[in-house]
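What follows is a single structure, written as structure tokens, with notes after it.
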Amino acid sequence: MAKYNFKESEPRWQKFWQEQNLFQAEQTSTKPKKYILDMFPYPSGDGLHMGHVESYTATDIYSRYWRMKGFNVLHPQGWDAFGLPAENYAIKTGVHPSETTKKAIENFTRQINSLGFSYDWSRELNTSDPSYYKWTQWLFLQLYAAGLAYKKKAKVNWCDSCQTVLANEQAEGGVCDRCGSMVVQKDLEQWFFKISDFIEDQMVAGKTVKGLLSGLETVDWPESTKAAQRNWIGRSEGVEMDFTVDNSDQKIVVFTTRVDTIFGCTYVVLAPEHPLVSKLQIENSTEVAEYLATAKSKTELERMETKEKTGVLLQGVTARNPFTGVAVPVFVADYVLGGYGTGAVMAVPAHDQRDYEFAVKYDLPIVEVITSEKNIAVEAGQAFTDDGKLINSELYNGLHSAEARQKMATWLADNQKGRIKVNYKLRDWLISRQRYWGAPIPIIYCEFCGVVPVPEKDLPVTLPTDVDFKPTGESPLVNSEAFHTVICPLCGAPARRESDTMDTFVCSSWYYLRYADSENAEVFASPEALKQWLPVDVYLGGAEHSVLHLLYARFFTKALQKLGLVEFNEPFLMLRHQGIILGSDGNKMSKSKGNVVNPDEIAKVYGADALRLYEMFMGPLEDMKPWNTNGIVGISRFLDRMYRLAEKIDAKLTQTGGAKVQSLLHKTIKKVGEDIEQFKFNTAISALMILLNELEKEPVIATNDYRFLALMLSPLAPHLAEEMWQILAGEGSVTQATWPMADTAAMQDVEVTMVVQVGGKVRQTITVAAGLDQNAIMAIVMADEVVKKWVEGKEMVKIVFVPDKLINIVVK
RNA sequence: GCCGAGGUGGUGAAAUGGUAGACACGCUUGCCUUAGGAGCAAGUACCGCAAGGUAUGCAGGUUCAAGUCCUGUCCUCGGCACCA
């Protein structure tokens with residue numbers, strides 16, 4: 001029998017599957033549905049990398065498996081095609097982004113098909129196609145009409161090198177996500193989505209719907225991803241309270257989570273951006289102005305790197321502690337952030353490390369009001385920041401922190417000096433970008449009518465294609481007269497078109513809805529199609545999207561639910577991440593490190609099945625794993641041996657081997673199915689290897705048993721499985737066959753190996769008939785020479801018996 | 001600092017509280033040959049001649065029995081971070 005020739009076989013089957021249209025989801029079906037989705041790729045010029053292959057293989061196995069189990073599977077693929085790299089490339093070379101993108105998509109498509117992935121290409125979508133972004137714009141208008149998209153002047157992150165603003169999520173640590181250059185703060189008019197409206201649960205059409213926080217409890221997602229989102233949202237409960245300013249009608253509102261420490265407040269601090277700084281009567285206003293100027297000139301990064309606390313006393317200004325009525329000095333200092341809480345804090349040096357450092361530097365009083373109940377020694381030079389028992393706090397003395405917080409909040413409310421307040425770190429989502437290669441924001445500015453949404457009939461607002469990509473460093477949209485100059489849809493006066501485009505994350509926040517009905521020209525997706533397919537049952541992609549894409553997509557779903565456009569609350573019921581595949585040197589694959597392994601090259605040498613299987617065999621899907629080309633030969637051998645096992649097929653034989661082999665076979669059927677359902681592909685493959693090792697010891701193989709192998713391999717190594725199916729002269733394609741049922745009766749062991757322990761230590765193993773009771777086993781064991789030796793002369797205290805597994809004789 | 005996930009052979013890794021290291025790579029020895037990115041057989045945690053003992057980051061604990069459960073501690077990776 002000839003060796004398995006993947007080079008000939010793989011393209012042949014890929015063509016066959018395409019021609020037979022085997023992977024198209026059924027529009028009408030009585031089968032249960034399963035929507036299995038990959039995060040769609042950005043079609044970069046570099047082509048597919050190992051991480052794509054890992055993720056797409058996992059969902060492919062999963063999809064093929066559920067099809068064999070009789071499910072109507074929707075497994076689509078598309079392109080997240082807008083974005084900066086194509087535009088920057090255009091500015092550098094003059095090649096239009098649509099051309100670059102088109103080429104990249106062709107290459108991606110070729111690569112994906114060459115690995116035998118079973119996508120339903122009839123639903124392919126491309127976010128840069130007007131037929132898609134028409135609906136991105138339409139959805140924007142729905143949000144605008146509902147007040148969920150708004151424009152405001154705000155301090156925003158600006159990247160000078162990318163010439164655009166960035167979302168907070170894209171400017172973490174004061175550095176541009178894309179190019180790594182320093183982000184500066186600018187005051188600009190920008191478009192925002194009101195993501196902050198959806199943090200908590202709310203009433204929609206008389207029903208409570210889950211917000212971004214509590215919704216996390218309803219989905220099957222990795223704990224780390226849920227935690228990252230909670231972290232990013234940054235909910236904290238506390239109180240806001242008013243410090244009245246002496247000789248003024250102003251008051252300083254501070255936010256704190258530790259109102260229990262209020263009696264230790266010895267000063268108040270305003271952020272440099274705080275509006276009161278310019279309103280108060282300050283004696284040393286020149287000094288303060290100088291401080292504000294230096295604080296403003298610092299970049300985010302500098303401000304964070306400076307450990308030393310700085311600030312200036314506002315001379316002539318004092319504020320009154322709402323509880324004690326005591327006057328305290330007021331400072332302006334940049335360790336207080338303008339953008340969080342009220343931009344003002346009460347300082348309690350004894351119980352807050354930052355306030356402590358500041359107080360030491362400026363020689364301010366430190367008053368202890370909390371003592372540890374656990375007798376923990378407070379380190380010298382440190383504030384005691386734990387909860388404890390109150391002291392020096394008048395009638396609150398002796399209370400525990402938690403108790404005191406409640407009572408104090410009540411007192412504040414009763415006396416109208418404060419209120420319970422919840423703060424969040426999450427800001428509204430800044431979605432406008434000063435770039436060309438994105439979906440235009442469908443807004444027109446009219447001198448008379450103001451902000452006018454583009455009428456639905458005029459959608460899509462298409463990108464001008466006749467623009468010049470001269471390397472000016474600026475988006476060509478800015479200079480496109482034809483694009484800018486429009487007529488106001490309301491009054492007909494000359495008007496100006498919004499020239500900003502939307503963040504690409506807007507496009508990817510709803511694409512999973514479009515797959516349900518990707519060809520529809522009337523609506524973004526029909527209610528029937530949405531009802532048939534959504535929500536997504538299983539979603540797979542990189543953990544780097546834990547906050548950005550996944551949070552935005554959840555927001556979009558919740559917003560559309562509120563608008564009555566979808567009927568569900570969470571878009572992705574189950575989420576898994578593929579782990580990063582590192583280079584063989586243990587570093588992240590990168591061109592500069594020269595450790596990149598190209599999937600095309602590997603597939604050429606070992607075949608698509610071997611590449612797919614090896615990536616799954618390397619370890620748990622979610623783990624980070626170093627690539628090792630040597631390891632793939634083990635998989636190659638396994639596939640060859642599977643194929644060659646056919647040489648032993650004896651058509652007259654009804655079953656391979658004895659009861660033991662049959663038991664293993666059916667146990668394997670059960671295990672492989674269970675493992676695939678749990679994304680444990682590594683152990684599914686090893687189970688098949690164990691089975692193969694056993695079957696190879698048999699002189700002859702029954703046709704039906706070989707058939708089981710082909711069926712089990714079909715999701716994992718689909719090309720080889722088809723070839724094996726042909727050897728059996730099976731009907732049609734194994735891809736359309738039904739997943740085998742494990743025979744429970746055959747799985748019963750006739751003989752078992754039992755462990756014999758004496759005093760908890762393994763002393764002997766015995767092979768006995770299955771199902772023997774304790775007495776029978778004891779009789780066998782006590783006759784055993786080795787066991788006798790260990791038990792001799794000792795008193796048997798207890799026998800622990802686990803049927804068919806273990807017997808432990810506890811001796812004294 | 002806070003939150004999350006982890007620490008098991010030379011390597012990638014297995015293990016519903018029940019024989020730790022399955023499966024695979026690599027390595028050692030042998031066989032075979034249509035010299036192929038072959039195939040087959042045996043072996044491969046550590047100490048010990050053996051009997052046996054020791055091993056899942058470290059220290060304790062629970063249990064007849066712990067990689068697995070509990071307490072503490074160290075380290076690695078990921079996210080957030082002057083968030084009051």
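So you know, we letter chains A, B, ... as the sequences are listed, proteins then strands, and number each from 1.
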Could you write out RNA chain B as dot-bracket? Rules: Watson-Crick or G-U wobble, both distances under 3.5 Å, brackets [ ] for crossings, | for pairs with another strand, dot for unpaired.
(((((((..(((.....[....)))((((((.......))))))(((....)))..(((((..]....))))))))))))....
With sequence neighbours left out, what residues match [X] under salt bridge (charged side-chain N to carboxylate O under 4.0 Å, His left out)?
{"X": "Lys251(A)", "answer": "Asp242(A)"}
{"X": "Glu544(A)", "answer": "none"}
{"X": "Glu674(A)", "answer": "Lys670(A)"}
{"X": "Lys697(A)", "answer": "Glu694(A)"}

[N] versus [M] - spacing of their [atom1] atoms, nearest Å:
{"N": "rG9(B)", "M": "rA5(B)", "atom1": "C1'", "result": "23 Å"}
{"N": "rC23(B)", "M": "rC32(B)", "atom1": "P", "result": "27 Å"}
{"N": "rG67(B)", "M": "rG78(B)", "atom1": "P", "result": "30 Å"}
{"N": "rG57(B)", "M": "rU76(B)", "atom1": "C1'", "result": "10 Å"}
{"N": "rG7(B)", "M": "rU33(B)", "atom1": "C1'", "result": "46 Å"}
{"N": "rA45(B)", "M": "rA22(B)", "atom1": "C1'", "result": "15 Å"}
{"N": "rC74(B)", "M": "rA24(B)", "atom1": "C1'", "result": "32 Å"}
{"N": "rA13(B)", "M": "rG6(B)", "atom1": "P", "result": "14 Å"}

Round to the nearest Å and state the distance from [X] atom [atom1] to [N] atom [atom2].
{"X": "Ile580(A)", "N": "rG78(B)", "atom1": "CD1", "atom2": "P", "value": "8 Å"}
{"X": "Asn423(A)", "N": "rA84(B)", "atom1": "CG", "atom2": "P", "value": "8 Å"}
{"X": "Trp221(A)", "N": "rG78(B)", "atom1": "CH2", "atom2": "C1'", "value": "17 Å"}
{"X": "Tyr356(A)", "N": "rC82(B)", "atom1": "OH", "atom2": "C1'", "value": "17 Å"}
{"X": "Arg637(A)", "N": "rA41(B)", "atom1": "CZ", "atom2": "P", "value": "12 Å"}
{"X": "Glu647(A)", "N": "rG39(B)", "atom1": "CD", "atom2": "C1'", "value": "11 Å"}
{"X": "Glu622(A)", "N": "rA13(B)", "atom1": "CD", "atom2": "P", "value": "14 Å"}
{"X": "Gln229(A)", "N": "rG4(B)", "atom1": "CD", "atom2": "P", "value": "15 Å"}

Could you check whether [X] gets within reach of a base, just the sugar-phosphate, or nothing at all, counting any heavy atom under 4.0 Å?
{"X": "Trp627(A)", "value": "nothing"}
{"X": "Arg230(A)", "value": "nothing"}
{"X": "Lys789(A)", "value": "sugar-phosphate"}
{"X": "Val345(A)", "value": "base"}
{"X": "Asn693(A)", "value": "sugar-phosphate"}
{"X": "Arg763(A)", "value": "sugar-phosphate"}
{"X": "Pro620(A)", "value": "sugar-phosphate"}
{"X": "Lys761(A)", "value": "sugar-phosphate"}
{"X": "Val605(A)", "value": "base"}

Using a 4.0 Å heavy-atom cut-off, write out nucleotides 17-22 of chain B from 5' to 3' as B (base contacted by protein), S (sugar-phosphate only) or - (no contact).
-BB--B
Heavy atoms under 4.0 Å is the rule here; annotate nucleotides 67-73 of chain B 5' to 3' with B where the base is hit, S where only the sugar-phosphate is, and - elsewhere.
-------
Within the side chain of Asp623(A), is there an N or O that forms a donor-acceptor pair under 3.5 Å with the backbone of Gly579(A)?
no
What nucleotide, of rC40(B), rC64(B), rC82(B), holds the atom closest to the side chain of Val810(A)?
rC64(B)
Can you list, pair by pair, the side-chain donor-acceptor contacts under 3.5 Å of residues 613-622 of chain A, counting residues two or more places apart and other chains?
{"residue": "Tyr614(A)", "atom": "OH", "partner": "Asn628(A)", "partner atom": "O", "Å": "3.1"}
{"residue": "Glu615(A)", "atom": "OE1", "partner": "Glu54(A)", "partner atom": "N", "Å": "3.2"}

Distance-only polar pair, side chains of [X] and [Y], donor-acceptor under 3.5 Å:
{"X": "Thr683(A)", "Y": "Asp675(A)", "result": "yes"}
{"X": "Arg641(A)", "Y": "Asn693(A)", "result": "yes"}
{"X": "Tyr4(A)", "Y": "Ser9(A)", "result": "yes"}

Using a strict 4.0 Å threshold on nitrogen-to-oxygen distance, state whether Glu240(A) and Lys417(A) make a salt bridge.
no
Salt bridge or not for Glu237(A) and Lys421(A), using N-O below 4.0 Å?
no
Is the NZ or CZ atom of Lys309(A) positioned over Tyr335(A)'s six-membered ring, under 6.0 angstrom from the centre and within 45° of the axis?
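Lys309(A) over Tyr335(A) ring: yes.
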Taking N or O atoms only and anything under 3.5 Å, show me the protein contacts with nucleotides 5-10 of chain B, one pair per line.
none

Atom NZ of Lys361(A) with >12 non-hydrogen neighbours under 6.0 angstrom:
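Atom NZ in Lys361(A) is packed in, count exceeds 12.
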Side-chain donor-acceptor contacts of residues 342-349 of chain A below 3.5 Å, not counting sequence neighbours, with atom names and distances?
{"residue": "Thr342(A)", "atom": "OG1", "partner": "Val253(A)", "partner atom": "O", "Å": "2.6"}
{"residue": "Thr342(A)", "atom": "OG1", "partner": "Ala344(A)", "partner atom": "N", "Å": "3.4"}
{"residue": "Thr342(A)", "atom": "OG1", "partner": "Ala344(A)", "partner atom": "O", "Å": "3.2"}

Quick one: on RNA chain B, does Glu696(A) or Asp355(A) contact a more 5' nucleotide (nearest heavy atom)?
Glu696(A)
Tell me which of Ala227(A) and Gly234(A) sits closer to the 5' end of RNA chain B, going by the nucleotide each one is nearest to.
Ala227(A)
List the steps, then state whether salt bridge (charged side-chain N to carboxylate O under 4.0 Å, His left out) holds for Lys226(A) with Asp220(A).
CA-CA 10 Å; Lys226(A) 291 188 190 182; Asp220(A) 176 8; over 6 Å; no
Ignoring backbone atoms, test whether [X] places a side-chain nitrogen or oxygen under 4.0 Å from the OP1 or OP2 oxygen of [N].
{"X": "Tyr340(A)", "N": "rA84(B)", "answer": "yes"}
{"X": "Lys671(A)", "N": "rC23(B)", "answer": "no"}
{"X": "Lys625(A)", "N": "rG12(B)", "answer": "no"}

Side-chain polar contacts of residues 789-806 of chain A - donor-acceptor pairs under 3.5 angstrom, sequence neighbours left out - could you list them?
{"residue": "Asp804(A)", "atom": "OD1", "partner": "Gly771(A)", "partner atom": "N", "Å": "2.7"}
{"residue": "Asp804(A)", "atom": "OD2", "partner": "Gly771(A)", "partner atom": "N", "Å": "3.4"}

Should rG9(B) be called syn or anti, with syn set as within 90° of 0?
syn
Exercise answer: donor-acceptor pairs, residues 759-768 of chain A side-chain atoms, under 3.5 Å, sequence neighbours excluded:
{"residue": "Gln764(A)", "atom": "NE2", "partner": "Asp784(A)", "partner atom": "OD1", "Å": "3.1"}
{"residue": "Gln764(A)", "atom": "NE2", "partner": "Asp784(A)", "partner atom": "OD2", "Å": "3.2"}

